[in-house]
> 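Got a structure for you, written out below as structure tokens; questions coming shortly.
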Amino acid sequence: MGSNSPGTTPSNSTPHAADAAKAGVENKEEKKNGKVDPTIFGLAAGFIVLFVTATIIFPDQAASGLGNISDWLLTNLNWLFVGGVSTAFLFLVFLFVSGYGRMRLGQDGERPEHSTPSWFAMLFAGGLGSVLMFWGVAEPLNHMTNVPMQDAEPGSIPAIREAIGFTMFHFGLHMWVIFALPGLGMGYFIYKRNLPPRLSSIFSPILGGAIYKWPGKVIDALSIVGTVFGIAVSVGLGVLQINSGMAKVFGAPTVAWMQIAIIVVIVGASCLSVAAGLEKGIKLLSNINVVMAAGLMLFVLAVGPTLFLLRGTLDSVSIYAEWLPKLMFWSDSMEVNPGWQGMWTVFYFAWTICWSPFMGMFAARISRGRTVREFIGGVLVAPTLFTIIWFAIFGFAGVHIEREDPGSLTNPVVHEGDTAFALFGFLDYFPLSTFTSIFALIVVAIFFVTSIDSAALINDMFAAGEEDKTPTYYRVGWAIAIGAVAGAILVMSPDAGITALQETVIIIGFPFFLVFFVMMYSLIRGMSDDMQYRPEPSTREWGKADSAEKLEMYESKPAPGYDEEGNELPRFEYDEEGNLIIPGNVRIEGDLGVVGEVKDDPQEKS
């Protein structure tokens, strides 16, 4: 793990992230006396306590062990990570275009809880996080200097295009595929089959009732551990960024005790947010933060080389479209740049996989009532579009500064390995640099507060099998656990910093990554079992339209199943006993044969 490897991870907290945990709580005054499952809680909490204790008591041995395991995974299984995520992408594309796309994340005919504009806005917000703040400038600079495929002169136009292509590959569709797959599974089985809000519910077609026994409990404990470590690594890396920013702006020391102090403050704020409740806590902070982040982006666009950045945004779309097919199954088999893919692509995928149950649950919650096709299209496309815009503006602005003043950013960020310096060094080239640097620090800090708060809520849901039913101290405990893991990793290797965090998340993410393959099979099996054969769709019947009047008459006819105003007519359904229920009047043209008695009272039983 070199110094040019990623320096932080996303903390995709959203203005509606609390909805993932709120999940339809109707009576806010109801006493919260729910209980967590002791097996799930014990497995997850026990592993976390064991890890924290071992890393503090035996830091050198823990660091060595994690390094060896991580190096083996990166050397031997990088192809599996890249190929597996791309396979999941193709799987979702298949569901999108197939008949499965018409099925709903809910009961047949159920309408979405959120309007389409509001839903898209929440998905756009889901693309925001500390990764955008940290890597918007730093990632393109790294890749244009250390060219991934080693096929272009560093800093050249081809190198810049390759840098943008890889950046979009890391944070575009593939990142959201990792969130969408468990999100689709949870949304389907929780809202279609009314199973508990747990990751294990996805595996009910395979495990059956065993989802309530030890196999399901192990899966749920794994989802909690993954979320804790994924967010903890994000917090740990973000703390390094905050510490670097504080050193630049206020002259604060960049030492371990300062980083631990930052973690304590962030976790403390998260606990206060938990205690404040869903509406006053997460949503308020998240709404403020999204507006602040968007304001910073617009500031860079307006004050920077605006025309260059607008052109760069359009270029980014075409560059991404060009590079996506090349990178989907590229594993550097010729080792043109040994170790590069492990330090970047595999790390990002492993980290995202770790806390995909958390983001997946959020996406599922706000998508209840949507069709599978709507869910896949929205979750993949909406955040990706925002990501392209963000990285285009910050990335091309950083490239412009570097080309105007060579070495001003690449020397500290790439050659010296101070990736946390990127954003603050970048802002030095804009007016009001001290103010904007403080502003950026606040944005990053709030992202982490809301991320920890939201993750604590989701973990509590997974442990209890109910939504927002347990006492507050359970969620406070999960928030503290996230901070404890982040602090333990930094204490374990105070000089390694980024590398130690990377090694941890790669190892934790691997077993959950293997579960992804089983998840795809279970989802398609469950949907196949639930879906009846769909006949050829009904369409409007047209006669001979040999005049303007007839053409207008046929065009004005409603489609089958809709009235003249375009409203959907009631559809027939089946009751629990298999009886066909037809709402409204029935007109029969032709003979009608009846086997059995005709009853005046349709509810009367024989």
Side-chain angles (χ1 to χ4, degrees), residues 16-26 34 36-37 40 92 95 100-101 103-114 119 122-123 126 178-213 215-217 219-224 226-227 278 355-376 378-379 454-455 457-470 512 515-516 518-531:
H16 299 272
D19 286 341
K22 185 177 179 182
V25 176
E26 296 179 355
V36 299
D37 184 283
I40 297 174
L92 291 178
L95 292 181
Y100 296 108
M103 301 180 74
R104 289 193 180 274
L105 306 185
Q107 303 307 308
D108 291 346
E110 184 174 350
R111 297 293 94 185
E113 292 184 341
H114 304 283
W119 180 62
M122 286 186 281
L123 290 175
I178 297 172
F179 294 142
L181 180 58
L184 178 61
M186 284 187 284
Y188 184 81
F189 288 103
I190 293 171
Y191 301 123
K192 178 70 173 180
R193 293 194 176 186
N194 294 312
L195 293 176
R198 286 175 170 153
L199 187 68
S200 59
S201 295
I202 299 177
F203 303 95
S204 60
I206 300 173
L207 298 177
I211 64 171
Y212 300 104
K213 301 176 182 177
K217 296 178 189 296
I219 292 173
D220 293 323
L222 178 63
S223 69
I224 293 174
T227 297
L278 296 171
W355 58 292
S356 58
F358 162 50
M359 274 305 298
M361 188 64 229
F362 158 68
R365 175 61 189 90
I366 66 172
S367 302
R368 180 171 185 173
R370 297 278 169 188
T371 65
V372 169
R373 185 170 293 127
E374 287 176 319
F375 178 87
I376 294 173
V379 172
S454 302
L457 290 166
I458 296 298
N459 277 347
D460 184 58
M461 181 194 305
F462 288 155
E466 294 184 278
E467 302 167 346
D468 197 30
K469 295 293 185 181
T470 58
F512 191 73
V515 172
F516 262 47
V518 185
M519 191 182 297
M520 287 187 278
Y521 170 75
S522 184
L523 179 58
I524 199 73
R525 179 174 169 179
M527 295 174 72
S528 298
D529 290 343
D530 290 344
M531 184 175 70

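Counting from 1, the numbers follow the sequence of the chain as shown.
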> Are any non-hydrogen side-chain atoms of Arg365 and Glu113 less than 4.5 angstrom apart?
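They are in side-chain contact.
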> Would you compute the distance between atom CE of Met103 and atom CE of Met527 and round it to the nearest 0.5 angstrom?
5.0 Å
> Does anything in residues 193-205 form a salt bridge (charged side-chain N to carboxylate O under 4.0 Å, His left out)? List the pairs, not counting sequence neighbours.
Arg193-Asp530
> What are the two closest heavy atoms between Pro182 and Leu199, and how far apart are they?
CB-CD1, 4.3 Å
> Provide the closest heavy-atom pair for Gly101 versus Thr371 in the form atom of the first, atom of the second, distance.
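Looking at all heavy atoms of both residues, the shortest contact is O-CB, 3.4 Å.
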> Would you indicate whether the side-chain heavy atoms of Leu523 and Phe189 approach each other to under 4.5 Å?
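Phe189 vs Leu523: side chains touch.
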> Find out whether Ile40 and Phe462 are in side-chain contact, i.e. whether some heavy atom of one side chain is under 4.5 Å from a heavy atom of the other.
no
> Between Ser522 and Met519, is there a donor-acceptor pair closer than 3.5 Å when you use the side chain of the first and the backbone of the second?
no
> For a 4.5 angstrom cut-off between non-hydrogen side-chain atoms, does Phe362 reach Ser454?
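Contact flag for Phe362/Ser454 side chains = no.
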> What pairs with Arg370 under side-chain contact (heavy atoms from CB on, under 4.5 Å), at least two apart in sequence or on another chain?
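For Arg370 the side-chain contact (heavy atoms from CB on, under 4.5 Å) partners, ignoring immediate neighbours, are Pro112, Thr116, Trp119, Ser367, Glu374.
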> What are the two closest non-hydrogen atoms of Leu195 and Ser204, and how far apart are they?
CD1-OG, 3.4 Å
> Go through the structure and list residues passing side-chain contact (heavy atoms from CB on, under 4.5 Å) with Ile376, not counting sequence neighbours.
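Once residues adjacent in sequence are excluded, the partners of Ile376 under the side-chain contact (heavy atoms from CB on, under 4.5 Å) criterion are Leu92, Leu95, Phe96, Leu184, Val372, Leu380.
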> I need the Ser201 OG to Tyr191 OH distance, nearest 0.5 Å.
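Ser201 OG to Tyr191 OH: 11.0 Å, rounded to 0.5 Å.
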> Just verifying a value: how many Å separate Lys213 NZ and Ile211 CD1, rounded to the nearest 0.5 Å?
11.0 Å
> Can you list everything that forms a side-chain hydrogen bond (donor to acceptor under 3.5 Å, both in side chains) with Tyr212? Sequence neighbours excluded, please.
none
> CZ/Phe375 to CD1/Ile366 distance, rounded to the nearest 0.5 angstrom?
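One finds 8.5 Å between CZ of Phe375 and CD1 of Ile366.
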> Who passes ring pair (Phe, Tyr, Trp, His ring centres under 6.0 Å) against Phe512, sequence neighbours left out?
Phe516
> Of the non-hydrogen atoms in Ile458 and Met361, which two are nearest, and what is the gap between them?
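Result for this residue pair: CD1-CG, 3.9 Å.
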> Flag the pair Ile524 / Tyr100 as yes when at least one side-chain heavy-atom distance between them is below 4.5 Å, and no otherwise.
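When only atoms from C-beta onward are counted, Tyr100 and Ile524 do touch, with a gap below 4.5 Å.
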> Indicate the atoms forming the closest heavy-atom contact of Gly183 with Ala364, along with that distance.
O-CB, 3.3 Å
> Would you confirm whether Gln107, through its side chain, and Lys192, through its main-chain N or O, come within 3.5 Å as a donor-acceptor pair?
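Yes; judged by distance alone, with no hydrogens or angles, the pair exists.
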> Hey, are the side chains of Thr227 and Met359 touching, using non-hydrogen atoms and a 4.5 Å cut-off?
no
> With heavy-atom distances below 4.5 Å as the criterion, would you say the side chains of Trp355 and Phe179 are in contact?
yes
> What is the minimum heavy-atom distance between Ile190 and Pro197, and which atoms define it?
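In terms of heavy atoms, the two residues are closest at CD1-CA, 3.4 Å.
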> Looking at side-chain heavy atoms only, is the closest gap between Leu207 and Ile219 below 4.5 Å?
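Contact flag for Leu207/Ile219 side chains = yes.
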> Arg104: which residues meet the side-chain hydrogen bond (donor to acceptor under 3.5 Å, both in side chains) condition with it, sequence neighbours left out?
none
